[in-house]
Engineer: 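What follows is a single structure, and I will ask about it in a moment.
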Amino acid sequence: FFGEGYIRVLGKGSKQRLVPIGRVAQEFVMRYLDDRKEEEGRATKSRGEQYLFLSNRRTKLSRVMVFNIIRQATEDAGITKRVSPHTFRHSFATHLLAGGASIRQVQDMLGHENITTTEIYTHLNPDHLREAIERIEL
């Protein structure tokens, strides 16, 4: 749903949700899809029509493949801290809150049924909370 600025995400339990996607991310996804189309023209088979990111064998990426890609990238970058796909999810939630999103908006983006789960994913910066309190006019 690029025209509207959203992508469809399939989560745990095959739950679907629409998540906003920024203009810059849209541009990179479009470049990737253009490159993939070009490669598919040369490939003999294609099985990835409904998946965005494909393996070298043109199949969807598994959880393990994604974990290994991230592990290799952090290693190549000289990062010694353990980084996983969950690290990105946690950082995403934290940055949304720091950027002014409400906990309810973050809950929707992450696809959590219970807001308590969302609170676990985020650590609120005390300075950010103080700023929020100071913005309230009594």
Side-chain angles (χ1 to χ4, degrees):
F1 305 96
F2 267 24
E4 292 83 21
Y6 289 89
I7 56 172
R8 181 175 55 109
V9 175
L10 188 62
K12 271 187 186 172
S14 297
K15 291 181 190 170
Q16 294 183 33
R17 63 186 181 279
L18 291 179
V19 177
I21 182 170
R23 183 188 51 76
V24 173
Q26 281 181 327
E27 289 175 17
F28 278 100
V29 168
M30 292 308 294
R31 277 193 221 164
Y32 168 76
L33 290 174
D34 287 345
D35 290 347
R36 192 169 94 177
K37 249 184 219 168
E38 197 174 296
E39 279 188 31
E40 285 174 357
R42 293 189 297 257
T44 57
K45 60 184 176 180
S46 174
R47 293 179 262 166
E49 295 137 7
Q50 57 183 308
Y51 299 101
L52 178 57
F53 298 110
L54 302 178
S55 71
N56 292 337
R57 287 180 268 161
R58 318 303 305 157
T59 59
K60 72 176 185 171
L61 290 177
S62 69
R63 284 181 70 241
V64 173
M65 289 172 164
V66 172
F67 191 94
N68 287 334
I69 289 166
I70 291 171
R71 183 184 47 75
Q72 187 62 54
T74 55
E75 208 173 278
D76 292 348
I79 297 169
T80 56
K81 181 184 177 210
R82 180 183 156 98
V83 178
S84 70
H86 186 267
T87 307
F88 288 100
R89 184 175 169 87
H90 187 98
S91 295
F92 175 68
T94 302
H95 286 287
L96 281 173
L97 284 170
S102 72
I103 189 100
R104 178 69 181 96
Q105 290 168 320
V106 175
Q107 177 189 10
D108 280 348
M109 295 276 283
L110 297 179
H112 292 155
E113 288 186 24
N114 190 327
I115 202 154
T116 306
T117 307
T118 311
E119 291 170 352
I120 292 167
Y121 272 68
T122 61
H123 24 157
L124 299 175
N125 180 335
D127 294 333
H128 180 68
L129 292 174
R130 181 176 312 286
E131 289 170 16
I133 294 293
E134 289 175 4
R135 284 193 302 260
I136 297 173
E137 293 182 29
L138 299 178

Engineer: Can a donor-acceptor pair be found between the side chains of Gln72 and Asn68 at a distance below 3.5 Å?
Structural biologist: no
Engineer: Should Ile69 and Val83 be counted in the same cluster of Ile, Leu, Val, Met, Phe, Trp and Tyr side chains packed under 4.5 Å apart?
Structural biologist: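 Ile69 clusters together with Val83.
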Engineer: To the nearest 0.5 angstrom, please state how far the CD atom of Gln26 sits from the CG atom of Leu33.
Structural biologist: 11.5 Å
Engineer: If you measure from CG on Leu110 to OG1 on Thr117, what distance do you get to the nearest 0.5 Å?
Structural biologist: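 Reported value, rounded in 0.5 Å steps: 10.0 Å.
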Engineer: Of all heavy-atom pairs between Ser84 and Ile70, which one has the smallest distance, and what is that distance?
Structural biologist: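 Answer, listing the atom of Ser84 first, then Ile70: C-CD1, 4.2 Å.
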Engineer: Is the number of heavy atoms from other residues, nucleotides or ligands within 6.0 Å of CZ (Arg71) greater than 12?
Structural biologist: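 More than 12 heavy atoms, drawn from other residues, nucleotides or ligands, come within 6.0 Å of this atom.
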Engineer: Run the numbers on Asp35 and Arg31 for salt bridge (Lys or Arg N to Asp or Glu O under 4.0 Å), then give the verdict.
Structural biologist: CA-CA 6 Å; Asp35 290 347; Arg31 277 193 221 164; over 6 Å; no
Engineer: Just by modelled atom types, is the Leu52 backbone N or O under 3.5 Å from a matching donor or acceptor in the Arg36 side chain?
Structural biologist: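 Yes: the side chain of Arg36 pairs with the backbone of Leu52.
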Engineer: Same cluster or not: Val29 versus Phe1, using hydrophobic residues (I, L, V, M, F, W, Y) connected whenever any side-chain heavy atoms lie under 4.5 Å apart?
Structural biologist: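 No, separate clusters.
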Engineer: I'd like to know if the side chain of Ser91 reaches the main chain of Phe88, judged simply by a donor and an acceptor atom lying under 3.5 Å from each other, with no hydrogens or angles considered.
Structural biologist: no
Engineer: What about Tyr32 and Ile21, same hydrophobic cluster or not, with Ile/Leu/Val/Met/Phe/Trp/Tyr joined at side-chain heavy-atom distances under 4.5 Å?
Structural biologist: yes
Engineer: Nearest 0.5 Å, please: how far is CG in Leu96 from CD in Gln107?
Structural biologist: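 Separation between the atoms: 13.0 Å.
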Engineer: Please check if the number of heavy atoms outside Glu113 that lie under 6.0 Å from its CD is greater than 12.
Structural biologist: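 Counting other residues, nucleotides and ligands, CD of Glu113 stays at 12 neighbours or fewer.
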Engineer: Nearest 0.5 Å, please: how far is NE2 in His112 from CD1 in Ile103?
Structural biologist: 10.0 Å
Engineer: Could you tell me whether the side chain of Thr94 and the main chain of His90 form a donor-acceptor pair under 3.5 Å?
Structural biologist: yes
Engineer: In this structure, are over 12 heavy atoms from other groups packed under 6.0 Å from Tyr6 atom OH?
Structural biologist: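 Not buried by this count: 12 neighbours or fewer within 6.0 Å.
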Engineer: Is there a continuous path of hydrophobic side-chain contacts, each under 4.5 Å between heavy atoms, that joins Val66 to Phe53?
Structural biologist: yes
Engineer: Mind checking the CZ-CE spacing from Phe92 to Met109? Nearest 0.5 Å is all I need.
Structural biologist: 3.0 Å
Engineer: Please report the interatomic distance CG(Leu61) to CG(Asn56), rounded to the nearest 0.5 Å.
Structural biologist: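 Answer for the CG-CG pair, Leu61 versus Asn56, is 9.0 Å.
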